[in-house]
Amino acid sequence: MVPVVEIGPLTFSTHDIFTLLGLAAGFAIYYRALRRDRILGPQIVVISLAALAGGAIGARLLTSWEVIDEVQAANLPFTYVVTHGPRSIIGGLVGGYAAIVLAKRALGYTLSTGDYYAAAIPLALLIGRFGCFLSELPLGTPTDLPWGMTVSPGAAAAFPRCPGCGGPMHPSMLYEIGFLAIAFGIIATRGPILPIRGDTLKAFLLAYGLFRFGVEFVRGNEVQAWGLTGPQIVLIPLIGLLVVHFVRRLRSGAYRLPVPEPATAPGG
Amino acid sequence: MGPDRRIAEYISANRGKLTREAITQQLLDAGYQQEAIDATWTALDTPDPDDKAGEGFWGRFWIYLIGLNVAALLLVSFATQMIPNATGIAAILGVILAIGAAIALGIVAVTRPTRLGRGTAIAIGGIVPLIFTFLIAGSCYALMSSFGPLPPPALSGTLTVKVDPPLDLEATGPAGCQRPPEGETYYNVYTQGPMNSSEGPVNVYVDVFPQTAGGDPVPNISISVGDPAQGSVVDYQSQAGGVESIALEPGSTATSGSLSFEGLLPAESFDEQGNPIGRPDADPISGTISWSCES
């Protein structure tokens, strides 16, 4: 485990380095796909910047309710949550998605670009999760499965809350890395897996949401209400919206594609 | 093999909804040759040479101008923690960016986007305000440097104040520790917002500086107890009110240290409209202040 990387006199957080690497790799794939389809233009750049800003803000805001009481008790301004609060991948995805929708509306841009993110997002998350794993963030709930992992007592002491740190824990970050690697592999090699623009991204988000919901049971995050953790509570409406989207698609027959005029006329 | 009209019609009718891969597969299934499909895609993807700056330009330009500058303002303000710690400086940054944006708008409006080219004009909207801001910020930095060495950035940490009975309060909260520039010995430590205590909000300021050139640093302290909004505050100040004694613990620095004080007297204080809200008749207090910031 490597929580920090020292380069000469400079010390960097491994988590931050991998976050930046993930963003860079994700954007590289995204722009490569845009260039391939020749739709890389000024509007897309603005939309991408909006996605980045929305993702950064969303990552801080979505879980802000978990610490809002502490911030109020310490008489700190609400902006403290944005600058110092916990970060959430789900919040980043929601914030980025919302920012893209708003930016497109503002620009009058109607083409769906979601599929261009479909391979980029799992790759970026995959690299980012390696950073989480190397930083020795709390791994998961206690387990006696053979692949359970332990953290050193010194590292365990660095975390304000780590109920499973006394013994082997589920390596939940590795579970997530495995899922993301499979998702990236499928999308990167097969291209869009659904024929309607934007639906491959939504399918990935639905799959990731369901997977993450399940992983939360072995993650060790604090239970907030109804026996569910904060991310699980946030995921329920998001998964619900995506399920409704696909049900409507199927019921409207959207996946029965229009057939082109035959290349050769019948009998011709 | 060149573009095919029927392929072009199918692509144009469906490219807004279906993926490129799905369209291509449908065409292949209908019996079209891969070469003809590729040639038609290429023909449809080639930019229209008549697509000049003009139509729809100003809408995009405004979005660039405002979007990039707001993004730069938020990014710099949050990354450097101007927000929430120095919102005044963040506001000044916003004003400077707005002036730069006005200059960029003027350049494009006078030169006209059709003469500049659409890309150049939009780039001016994004880059000129940032260059202008760098020039202004650089000038300020150079000007401030000419007065003496600039202090390093303040560190964040915690501060604890304990006051003996009869006031009897204890409060801990986030603090800023302003380290001295290289070669200097003065520093100050301050609470970054009111701390909670049994007697209401508490603010503390510790200023340590040598009274004479080369002399030992001497602390001055200010402790404010109470809520100014409710019109009742006791401002204990060693300089304005007076103090019996202050002892800085040996080895104390900007990053960690403590001091004890006895007989700290209240001073007069006023609200923003100049109305007296202090209680200079309050009893003197004694206690300790300690701080620790990340180095």
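Naming convention: chains lettered A, B, ... in sequence-line order (proteins, then strands); numbering from 1 in each chain.
If you measure heavy-atom distances from Leu257(A) to chain B, the contacts under 4.5 Å come from both the backbone and the side chain. For Leu111(A), the part lying under 4.5 angstrom from a heavy atom of chain B is the side chain only. Only the side chain of Glu21(B) comes within contact range of chain A, with at least one heavy atom under 4.5 Å from a heavy atom of that chain. For Leu194(A), the part lying under 4.5 angstrom from a heavy atom of chain B is the backbone only.
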Could you pull out all donor-acceptor pairs under 3.5 Å where a side-chain atom in residues 22-30 of chain A meets a protein atom, sequence neighbours excluded?
residue  : atom : partner   : partner atom : Å
Tyr30(A) : OH   : Ser48(A)  : OG           : 3.4
Tyr30(A) : OH   : Tyr117(A) : OH           : 3.0

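Residues Tyr10(B) and Leu18(B) have side chains in contact (heavy-atom distance under 4.5 Å, counting atoms from C-beta outward).
Among all heavy-atom pairs drawn from Arg197(A) and Arg15(B), the shortest one is NE-O, 2.8 Å. Closest approach of Val189(B) and Cys177(B) over heavy atoms only: CG1-SG, 4.0 Å. Looking at every heavy atom in both residues, Ala203(A) comes nearest to Phe246(A) through N-CZ, 3.5 Å.
Annotation: maximal heavy-atom pairing with chain B below 4.5 Å, among Ser112(A), Ala56(A), Pro258(A), occurs at Pro258(A).
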